[in-house]
Number of protein chains: 2
Amino acid sequence: MRRMTARPANAHQARLLRLLRDGGPNSRAQLGDQVDLSRSKLAVEVDRLLETDLVVADGLAASRGGRRSHNIRLNPHLRFLGVDIGATSVDVAVTNAELEILGHINQPMDVREGPVAVFEQVLAMAAKLKASGLAEGFDGAGIGVPGPVRFPEGIPVAPPIMPGWDGFPVREALSQDLGCPVMVDNDVNLMAMGEQHAGVARTVADFLCVKIGTGIGCGIVVGGEVYRGTTGSAGDIGHIQAVPDGRPCACGNRGCLEAHFSGAALARDAMEAAEQRLSAELAGRLEANGTLSAVDVAAAAAAGDATALDLIREGGNRTGQVIAGLVSFFNPGLVVIGGGVTGLGHTLLAAIRTQVYRGSLPLATGNLPIVLGELGPTAGVIGAARLISDHLFSPA
Amino acid sequence: MRRMTARPANAHQARLLRLLRDGGPNSRAQLGDQVDLSRSKLAVEVDRLLETDLVVADGLAASRGGRRSHNIRLNPHLRFLGVDIGATSVDVAVTNAELEILGHINQPMDVREGPVAVFEQVLAMAAKLKASGLAEGFDGAGIGVPGPVRFPEGIPVAPPIMPGWDGFPVREALSQDLGCPVMVDNDVNLMAMGEQHAGVARTVADFLCVKIGTGIGCGIVVGGEVYRGTTGSAGDIGHIQAVPDGRPCACGNRGCLEAHFSGAALARDAMEAAEQRLSAELAGRLEANGTLSAVDVAAAAAAGDATALDLIREGGNRTGQVIAGLVSFFNPGLVVIGGGVTGLGHTLLAAIRTQVYRGSLPLATGNLPIVLGELGPTAGVIGAARLISDHLFSPA
DNA sequence: ACTCCTTTGTCCTGTGAGTGGAAAAAGTAG
DNA sequence: CTACTTTTTCCACTCACAGGACAAAGGAGT
């Protein structure tokens, strides 16, 4: 099949495409109920969309008491590629136009190998998904990278954990390689968009999405739109000071949140505890694997290990204090906690909640849910697909 | 003169009104350059605005090399009332439709006397301005109050420093008393709007406006629009923890920024220093007045008093640390410092700058100006006028 | 099977917004 | 006084869109 290149010609068509994306197949009549257009106008726009092949007819809808309506849906052959590049692994997924995941691969990887090596791997993973018959080609791709991005151009700027990526024209290069439109964003922002599209944040206009992985970042959604800041570095909360005169951080300061709690810091703390024989559980795991990661701490905590639980609680407290400040400042309607460490689960969540509910004023916390992300590792790739579909489903 | 009641009939007219508000008198041709409408369409909309009496003809414009154009301006009889209710004083000002201040009164007052007493005073002040011939009536009023506001209804919610105001229908009541449309907002947001309209933030889309007065608050502007949060308490940074296990605060926590630095805290610290004879300058002032305020500290600092300078630096450092966190999170294009303590001037600013430039990553601070507000005590009332004019100059 | 009612889809015309060209009006520069 | 600009008005034409009329298709009751 030839790839779709058509774009909606006007705001009405864009609106309809998004309704079909978010609501699945729909009858013309149901669409009419949602868009406040005259029936004639709606019919014209739907016909034009049918001509572009972006949407197709899909049989008859159930009767609502009278004549049955014809169903409309997004072309089932449309395919989006969602790529979520983490510090130590990549997720690549294929979705249909309704952003349902059809196939998903995760592979370990090191961003520090640089964009060329990483994209070689990403393209191979995409090819593998294609080969398994899930897609004949891609109509668009969304890419998440673990660092700040100059959004309009899709170029990473001064990313601390990705030396060699600074200024690399990710959007341009991948658009060439994949032969389709590409959008690039910070991985945390994509997680926020994912949770907004298909997760816990579906109905909230203003929320924060804190991602605790190798580092710590925060997606900011204002009025349903991701806020990226003046230079694309908004949400970079890993280097907020959490402990006065605390541990030295790679950024040159002391006491950064990220230095005290993150996947990397947690692994270091666990190793230290194991070596000092504070925890038999952790020491055993260290002996078995030669190293420890956040996953080991999670497992130890699940097994009831006091040291591991303490580490998690301690980190949750630090994180919660920072989030409490952000809640006072931003007054969100929801806080989502996600990222690799969600395996730490409710111990972590409880610590964060305690600090936030204690440290912020009641007016801000009174009706504030603080929850774990619903989508886990798929949040990023769903958000990536959402990013590119938002781009493609907007007036040309 | 009968008061204006007309409102723009469509988005084009609203656009034109705002251009005339922000750019002053303008020729039709100049307007045409700015709005991307055909000449015919523009002529029609301008004619309709002339019919509503919102704008009037204003003689001939200078020639731009050919036929001279007819000037258009907002009706010079339009009057807005800007009211900025602080914790300890009220500002009331009259502006024309271009938001230029025609008259401005400041009076001491105590918000804790409650809305009825305060509005009695405000109405008296408005009447005084009217009596001095500056206005025959008001076409709209903007009100700022020192606490969170449920914006659409214009009702304060759970304001910590204004007991007795909770749930008082400010908008409704004042609209009755003044006989004109009224909008209500947090005083900090109004200061941000004031600096955006006529001060240092004219060209910046995303910025923070930190107001240090009796308390500490922060106006948040995203994409040119004030962000108010889910419950209207966004920007309430006074109760972010600045000092672990620090001083007890009225909110029940310890170490809140506001407990360590604000007009009130500064006055307390100065009294203490004076009583302990740490500073002859402050002690002298205490003896002379019986009490001390932030103004005394500013004067002592200006006279070179080391203790006063230390207090300011100490407070600036605390504030700067909190702002550094907000800068990392929000990545603004500008930070404005304003409020009563701007009298502390560059000592304060230097301390804040030091902390922010040290405590945030270069990508966020690289091109980040941190400046004092330009408008001083008029920022609030200009912002109030701007608030109501934005409301009135939008499609009905 | 038939009637009556509801819902859906199509067609068509009227209206009003808006564009763009032409020409008149009012200047400036030489 | 002439040639050239800019501003303003006027007018005809296009286009989007609403909304009514009507046909098509189905459900429910008799």
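Numbers restart at 1 for each chain; the letters A, B, ... are given by sequence-line order, proteins then strands.
Other residues, nucleotides and ligands contribute over 12 non-hydrogen atoms within 6.0 Å of the CD atom of Q34(B).
Here the P atom of nucleotide dT10(C) and the NE2 atom of H70(A) are 7 Å apart, to the nearest Å. One atom, CG of L37(B), and another, P of dT19(C), lie 6 Å apart when rounded to the nearest Å. Separating the CD atom of Q30(A) from the C1' atom of dT7(C) is a distance of 13 Å, rounded to the nearest angstrom. Taking atom CG of residue L42(B) and atom P of nucleotide dT8(D), one finds them 9 Å apart after rounding to whole Å. In this structure, R68(B) atom CZ and dA24(C) atom P are separated by 24 Å, rounded to whole Å. Taking atom NE2 on H12(B) and atom C1' on dT19(C), their separation rounds to 12 Å, with Å as the unit. The CG atom of L50(B) sits 10 Å away from the P atom of dT9(D) (whole-angstrom rounding). Between the P atom of dC15(D) and the CD atom of E45(A) lies a distance of 15 Å, rounded to the nearest Å.
Between the side chain of E195(B) and the main chain of E374(B), a donor-acceptor pair closer than 3.5 Å is present.
Using a 4.0 Å heavy-atom distance criterion, R39(B) is classed as a base contact. If you check every strand for non-hydrogen atoms under 4.0 Å, A29(B) touches sugar and phosphate atoms only.
With a 4.5 Å cut-off on side-chain heavy atoms, L19(B) and V35(B) count as touching.
Proximity note for S38(B) (side chain, C-beta onward) versus dG26(D), dG20(C), dC11(C): the nearest is dG20(C).
Residue side chain S40(A) does not reach the base of dG9(C) through any donor-acceptor N/O pair under 3.5 Å, judged by distance alone.
Taking a cutoff of 4.0 Å between a charged side-chain nitrogen and a carboxylate oxygen, R73(B) and E98(B) qualify as a salt bridge.
Just one residue in the list I388(B), V94(B), L387(B) forms a side-chain contact (heavy atoms from CB on, under 4.5 Å) with F80(B), and that residue is I388(B).
Toward the 5′ end of DNA chain C lies the nearest nucleotide of R67(A), the other residue of the pair D47(A) and R67(A) mapping further downstream. Between G65(A) and D36(A), it is D36(A) whose nearest contact on DNA chain D lies nearer the 5' terminus.
A close approach under 4.0 Å does occur between a side-chain nitrogen or oxygen of S69(B) and OP1 or OP2 of dT8(D).
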